[in-house]
Amino acid sequence: MREGLLPSTVATVLELSTSGDKARALTELLGEVFDPTETAISAFEIESGVTTLSLNAPWKVEIYFATHPDEAAVRDMLRPIVGAIVDTTPFATVNQQDWVAASLDGLKPVRAGRVLVHGAHDRDFVRVNDVAIEIEAALAFGTGHHGTTAGCLLALDAELKRRRPRHAIDVGTGTGILALALAKQIKRKVVAGDIDAIAVEVAARNAGVNHAPHALDLYVAPGLRHAKADRPRHFDLVFANILAGPLRKLAPSIAAVLADDGVVILSGLLEMDVAGVVSAYRHQGLALARRSSREGWATLVMKRGGAAARPRRLR
């Protein structure tokens, strides 16, 4: 359930068409229930030629399983959200050869400012002045989440035109795309962590593939619960490209490590989740500086200047 990373093998996929509010509910539910190393979800608005933020707009949800799940149990879990449609939607078996081909097809080059994220099969797209980030296609989660990746990279591009961060961290780094894009541009090491050790291994491997083996200071831990990350008022740039629920929970921790002049770039949330996430960070003294949207996913740039942080209750 991390941006940028699918299970390294996929045995089964369940595809559902539903509304935006139900897609959000599914994303939140599955993010809490399933092991992120065994299951991933992609949710994105179905292109209709009309821009809409309606909760009833058609969305597609794809749920990937590394092993074949208990179909009855999954249907029972999803039925209260999407209704009886789940009973007539088949679980599709994915042939490994077909999955690799699908991964290659899904990982289209993503350009954002000077940064180009691409697979090895698309090296010909790289231009002379590009900051190229090559990602192994078989481990890349491309279908719906490139909207969040591109949104963060564009926010980063705007920030780098304003200043150069001194200390940066990528919380929930996944494949390490964002941390690598920053490190290659500022020529400084970026702290990057993930709750999943496999994700950190992938990020380290991607750093090597991109000729930057020492660019990332990696750690394995939930959120910022690590000595490399838990540094009060230290980071002047914080990335967190995950999901709306974890973003809200991480608000106090992120605010605590953010430098006085720091900026937070948040993504992985649907448009209808923006108000709740913004509110969580405003309670920590941060204000919304910029907001953008790509493929139904929102990216927020926040900085100090909101309401005063709520005092912690004494126990």
Side-chain angles (χ1 to χ4, degrees), residues 1-5 27-28 31-32 36-37 148 151-152 155-156 159 165-179 182-183 188-197 199-200 203 216-270 273-291 297-315:
M1 298 296 299
R2 300 171 306 283
E3 187 282 324
L5 193 68
T27 300
E28 294 285 349
E32 295 289 337
T37 66
T148 66
C152 287
L156 172 62
E159 182 64 15
R166 301 177 304 278
H167 307 290
I169 185 169
D170 183 13
V171 183
T173 194
T175 53
I177 291 174
L178 300 177
L182 176 57
R188 295 177 69 97
K189 185 169 288 190
V190 174
V191 177
D194 202 288
I195 192 173
D196 178 26
V200 173
L216 307 184
D217 192 5
L218 295 163
Y219 69 88
V220 179
L224 295 100
R225 298 180 192 173
H226 192 279
K228 293 181 179 180
D230 189 8
R231 304 181 67 181
R233 302 272 176 159
H234 178 71
F235 296 102
D236 52 359
L237 180 61
V238 179
F239 280 120
N241 184 15
I242 36 182
L243 293 173
L247 285 177
R248 291 193 297 268
K249 293 176 183 177
L250 284 170
S253 300
I254 288 177
V257 304
L258 185 67
D260 290 339
D261 61 345
V263 167
V264 180
I265 298 175
L266 306 174
S267 196
L269 62 153
L270 300 173
D273 294 318
V274 168
V277 172
V278 168
S279 177
Y281 284 81
R282 278 180 176 163
H283 286 318
Q284 303 302 321
L286 275 65
L288 180 63
R290 294 187 301 279
R291 167 182 171 174
W297 296 90
T299 299
L300 310 178
V301 178
M302 306 199 72
K303 60 183 180 180
R304 294 200 181 277
R310 287 184 172 181
R312 293 187 179 182
R313 293 181 179 179
L314 298 177
R315 295 183 178 179

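Here, residue 1 is the first one in the sequence, and each next residue gets the next number.
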_Non-neighbouring partners of D261 that pass side-chain contact (heavy atoms from CB on, under 4.5 Å), sequence neighbours left out_ = R163, R166, D236, A259
_Please enumerate all residues that pass side-chain contact (heavy atoms from CB on, under 4.5 Å) together with R225, with sequence neighbours excluded._
P222
*To the nearest 0.5 Å, what is the distance between CG (D170) and CD1 (I177)?*
10.0 Å
_Could you measure the distance from the OG1 atom of T299 to the CG atom of L156? Nearest 0.5 Å is fine._
11.5 Å
*Does the D230 side chain pair with the main chain of L224, one donor and one acceptor, at a distance under 3.5 Å?*
no
*Which of these, V190, L258, L182, sits in a side chain to side chain contact (heavy atoms under 4.5 Å, CB included) with L237?*
L182
*Taking all non-hydrogen atoms of both residues into account, name the closest pair between A192 and A179 and its distance.*
CB-CB, 4.0 Å
*Work out which heavy atom in K189 is nearest to a heavy atom in L216; give both atom names and the distance.*
CG-C, 4.0 Å
*Name all residues meeting the side-chain contact (heavy atoms from CB on, under 4.5 Å) criterion together with K228; count only those two or more places apart in sequence or in a different chain, and write none if there are none.*
V191, D217, Y219, H226
*Side chain Y281, main chain L247, donor-acceptor under 3.5 Å*: yes
*Hey, what do you get for CG (L270) to CG (L243), rounding to the nearest 0.5 Å?*
8.5 Å
*Counterpart residues, salt bridge (charged side-chain N to carboxylate O under 4.0 Å, His left out), relative to K249 (two or more places apart)*: E32
*Kindly write out the residues that satisfy side-chain contact (heavy atoms from CB on, under 4.5 Å) with V301, not counting sequence neighbours, or none if the list is empty.*
A155, V263, I265, A289, R290
*CD1 of I242 to CD1 of I195: how many Å apart, nearest 0.5 Å?*
10.0 Å
*Without swapping roles, check the side chain of R304 against the backbone of A255 for a donor-acceptor pair under 3.5 Å.*
yes
*Compare every heavy atom of D194 with every heavy atom of G172, then report the nearest pair and how far apart it is.*
C-OD2, 3.5 Å
*Roughly how far, to the nearest 0.5 Å, is CD of E159 from SG of C152?*
12.5 Å
*Please list all pairs passing the ring-ring contact (aromatic ring centres under 6.0 Å, His included) test where one or both residues lie in residues 228-269, with sequence neighbours left out.*
H167-H234
*Would you say S267's side chain and A298's backbone share a donor-acceptor pair under 3.5 angstrom?*
yes
*Mind checking the CG-CG spacing from L300 to D273? Nearest 0.5 Å is all I need.*
10.0 Å
